Amino acid sequence: MIMIPMKVPKSVNTYCPKCREYTEHEIRLYRGGKRRNLAEGQRRYDRKNEGYGSTRKPIPKRFAKVTKKQLLLYRCKKCGYTITKRRGMRLKKLEISEVG
Ligand SMILES: [Zn+2]
């Protein structure tokens with residue numbers, strides 16, 4: 001099977017809640033931040049896993065999902081405001097193309 005990536009234009013005209021009008025937006029793909037070892041949740045998790053006894057959560061043998069949720073960020077070219085609250089979609093491959 002040939003994998004065809006979903007194509008997304010690099011820029012698109014959409015509503016900017018800050019400018020309160022339709023402006024050109026630049027599209028970028030959201031990437032999650034780096035895991036911090038000293039974050040409260042990580043420290044709690046490590047504390048729980050310390051010592052004898054079972055782990056807090058079962059260790060996954062293999063990852064179940066074949067797709068990833070891709071979230072697009074829309075950055076207004078006029079004011080720089082970024083819209084993050086758009087629904088993500090499950091895709092295997094996504095490509096941000098030059099031409100819309
Ligand atoms: Zn704007």
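Counting convention: from 1, in listed order, for ligands and their atoms alike. A quick note: this is a predicted structure, and the numbers were derived from the prediction, not measured.
- One finds no salt bridge joining Arg47 and Glu50 here, because no Lys/Arg side-chain nitrogen approaches an Asp/Glu carboxylate oxygen to under 4.0 Å.
- Between Arg86 and Thr14, the side chains place a donor N or O and an acceptor N or O closer than 3.5 Å (distance only, hydrogens not considered).
- Listed by chain and number, Cys16 SG, Cys19 SG, Cys76 SG, Cys79 SG are the protein N/O/S atoms closer than 2.8 Å to the Zn ion (ligand 1), with waters left out.
- In this structure, His25 and Asn13 have side chains that are not in contact, with every pair of non-hydrogen atoms separated by 4.5 Å or more.
- Applying the 6.0 Å contact sphere to NZ of Lys77 captures more than 12 heavy atoms from other residues, nucleotides or ligands.
- For the residue pair Glu26 and Ser11, no side-chain donor N or O sits within less than 3.5 Å of a side-chain acceptor on the partner.
- Open room surrounds CZ on Arg87; 12 or fewer heavy atoms of other groups in view lie less than 6.0 Å from it.
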